[in-house]
Amino acid sequence: MSIKKQQDPLIVIASNRGPFSFKQEKDNRFSVDRGAGGLVTALGALAERHEVIWVAAAMNDGDRAWSEAHKGKMQKVEGINLKLVEPEPEAYEGYYNEIANPLLWFIQHQLWDIPRTPSISEETWKAWDEGYRVVNKQFAEAIAEAVADSERPIIVLPQDYHLYMVPHYLRDLLGERVQIQPFIHIPWPGPDAWRILPQPIRNAILSSLLEADRVGFQTAKDAFNFVQTCRFYLEGAHSHGRRDGIEYKGRDVAALAYPISIDVDKVEEIAAETVTQLEKNQLINFIGDRDLILRVDRIEPSKNNLRGLQAYRTLLESYPEHRGKVQMLALLVPSRLKVGEYEDYLREIMAEAGLINAQYSTSFWEPVRIVLGDNYQRAIAAMQIYDVLLVNPIADGMNLVAKEGVLVNNKDGVLLLSEFAGAYYELGEEALTVSPFDVYGTAEAMHQALVMPAAERQHRAQTLRDIVTRADVREWFKAQVDDALRALSNQANKSSTPATSDTEKSAVAATSAGAPAD
Ligand code: G6P
């Protein structure tokens with residue numbers, strides 16, 4: 001089959017949080033900060049290397065003022081073509097603080113205490129109809145506007161659970177000339193977890209995602225769960241025995257795993273920066289010759305910060321020999337504090353840490369130090385010197401801290417990793433793996449890590465470093481874009497050759513790269 005020579009595609013990233021956050025200064029000029037969080041860090045690295053359009057939401061007054069100052073038009077900022085969507089504050093509130101966080105986030109991380117929560121109320125329905133759907137439609141319109149003048153093939157990559165309805169609205173606006181390929185950064189649980197959503201909302205989300213060309217997930221397990229969820233709830237959806245694709249209303253949609261990673265060069269560069277080294281020296285002074293147990297997370301129920309502290313308390317109870325010789329440092333980034341559950345969770349963490357310190361502190365030793373704030377250099381500095389890195393989420397799409405940690409650590413530190421983090425599939429063999437619910441088991445694993453012979457630590461740490469170095473985030477992006485390009489080229493060939501059989505059609509989905517077997 002002859003492959004037509006293609007033009008370079010126009011790549012559009014769409015995500016709720018954009019790569020920058022703007023602040024209007026007194027002289028009316030705008031200062032620019034990098035947006036926070038794993039998603040933005042990973043995509044930001046890519047946008048620096050490829051010509052992309054990035055559509056994101058204006059999340060604060062500074063963003064809105066910046067967008068208005070440019071009459072809502074796309075602007076180039078630090079090499080990125082940026083367009084901000086400006087939802088009405090009330091619509092945004094419903095979309096972000098009612099539906100995306102907590103409703104969808106809590107379902108997908110299975111955090112609801114289901115005898116009591118959630119209660120789907122009239123407010124929830126309003127937030128869905130007048131918030132989530134409206135903002136998703138605005139995103140689709142902004143994308144369509146941004147690509148309107150282009151003759152090039154178009155690939156749109158909507159990111160994450162904020163934008164589940166974008167494929168539906170975008171297909172409506174642009175038809176089949178666009179490849180739509182959402183990537184879902186967070187876990188996709190099996191069908192049972194989705195019963196919490198009212199049927200019309202659930203079906204709207206699933207059928208919108210099936211208007212995409214393929215849907216990307218962190219692991220093969222998430223992709224498989226998605227296929228099962230669609231089969232279970234959508235009448236007429238068939239997988240024909242496949243684990244990585246589904247047919248619905250005449251479309252054959254692949255569900256594939258593209259495990260995300262980190263920008264290895266960039267993280268190493270940051271680790272070597274003077275500021276990072278200064279942070280590191282301060283931390284070394286603070287820790288002295290104690291063993292460091294470190295965690296770096298957003299304050300987030302799914303991260304399981306609380307049970308991590310309970311495990312540390314159990315360690316101090318069960319193994320008195322570690323008292324005074326170990327230091328727990330938790331670098332916690334405040335997050336989504338407008339959602340009540342997050343505020344309560346922060347309070348519980350502080351109370352637990354206070355109790356441990358009250359019980360075990362001496363004049364020379366404070367067992368737990370919690371530092372709140374968002375300081376990436378400080379986090380990378382601490383990762384360089386941990387003896388044990390605790391990553392124990394209840395559920396996590398990937399967890400990039402685990403990858404950053406093993407890359408920059410230079411003490412042959414041990415990774416304690418939850419079996420429910422996506423990173424488990426790549427790093428689990430050389431980590432000490434724990435059930436996030438098993439406080440006792442986590443304390444035992446902490447002890448095992450602290451007394452592990454040097455040779456074993458060295459071997460595990462080196463192997464983990466090698467794994468992460470090989471899987472750079474560029475691979476993650478490339479695998480997705482390659483799949484979209486292959487589909488575009490198949491489409492082009494199809495339109496220049498008479499007929500394509502059904503078998504050939506599903507072969508296109510099945511040969512898509514980047515999907516490691518279960
Ligand atoms: C974390 C998750 C991402 C998610 C992001 C949103 O980084 O891993 O999947 O998109 O949070 O966070 P935000 O602070 O923008 O609500």
Side-chain angles (χ1 to χ4, degrees), residues 13-21 33-46 54-60 63 84-85 87 92-111 131-132 135-136 139 157-164 166 182-189 215-219 222 257-263 296-305 331-343 345-346 372-374 376 379 391 393-404 418 420-424 473 476:
I13 295 172
S15 65
N16 172 62
R17 189 178 288 278
F20 307 111
S21 145
D33 255 351
R34 290 240 141 218
L39 179 153
V40 158
T41 312
L43 289 166
L46 303 162
W54 196 323
V55 178
M59 289 186 73
N60 53 44
D63 290 356
L84 293 185
V85 174
Y92 192 81
E93 174 69 21
Y95 147 87
Y96 185 74
N97 284 325
E98 290 267 347
I99 302 296
N101 312 307
L103 188 57
L104 295 173
W105 178 275
F106 273 45
I107 286 176
Q108 294 193 236
H109 291 85
Q110 303 196 57
L111 296 174
Y132 194 85
V135 176
N136 273 248
F139 261 89
L157 307 169
Q159 303 296 305
D160 237 349
Y161 57 101
H162 313 89
L163 302 181
Y164 285 156
V166 164
F183 182 82
I184 293 156
H185 292 251
I186 64 175
W188 191 283
V215 187
F217 298 88
Q218 299 279 21
T219 69
D222 298 306
Y258 305 93
I260 200 168
S261 195
I262 53 172
D263 184 342
V296 180
D297 304 285
R298 285 183 304 108
I299 297 159
E300 160 66 62
S302 69
K303 300 288 182 191
N304 210 16
N305 319 75
L331 301 181
L332 302 183
V333 182
S335 165
R336 305 176 196 163
L337 291 174
K338 278 196 190 164
V339 177
E341 283 83 356
Y342 285 69
E343 216 189 330
Y345 197 61
L346 171 59
L372 300 183
D374 188 4
Y376 190 59
V391 179
I394 289 168
D396 211 336
M398 177 54 68
N399 197 294
L400 294 180
V401 169
K403 294 191 170 181
E404 289 163 337
S418 159
F420 300 118
Y424 172 83
V473 72
W476 171 75

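In this text the structure is predicted, and so the values were computed from the model without any measurement. As the structure lists them, so they are numbered: ligands from 1, and atoms in each ligand from 1.
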> Does a side chain donor of either N399 or Y424 reach within less than 3.5 Å of an acceptor in the other side chain?
Replying inline: no

> What are the atoms of ligand 1, with element, lying closer than 4.0 Å to any heavy atom of I186?
Replying inline: 9 (O)

>> Using a 4.0 Å cut-off to any heavy atom of H185, which atoms of ligand 1 qualify?
In response: 9 (O)

> Would you call H162 a ligand 1 contact, heavy-atom distance under 4.0 Å?
Replying inline: yes

> Has the side chain of D222 got a donor or acceptor atom that lies under 3.5 Å from a matching backbone atom of W188?
Replying inline: yes

> At a 4.0 Å threshold, what atoms of ligand 1 neighbour a non-hydrogen atom of Y96?
Replying inline: 13 (P), 14 (O), 15 (O), 16 (O)

>> Checking Y342 now: which residues fulfil ring-ring contact (aromatic ring centres under 6.0 Å, His included) with it, not counting sequence neighbours?
In response: none

>> I'd like to check the ring-ring contact (aromatic ring centres under 6.0 Å, His included) partners of Y96; sequence neighbours left out, ordered by chain and number.
In response: Y92

> Is S335 in polar range of ligand 1, meaning some N or O pair under 3.5 Å apart?
Replying inline: no

>> Show the atoms of ligand 1 that are less than 4.0 angstrom away from any heavy atom in R17.
In response: 13 (P), 14 (O), 15 (O)

>> Would you say that F420 contacts Q110 through its side chain, given a criterion of any heavy-atom pair below 4.5 Å between the two side chains?
In response: no

> Looking at ligand 1, does any of its N/O atoms fall within less than 3.5 Å of an N/O of D160?
Replying inline: yes

>> Using a 3.5 Å distance criterion without hydrogens, assess whether the side chain of D33 forms a donor-acceptor pair with backbone atoms of S21.
In response: no

> N/O to N/O below 3.5 Å, does that happen between R336 and ligand 1?
Replying inline: yes

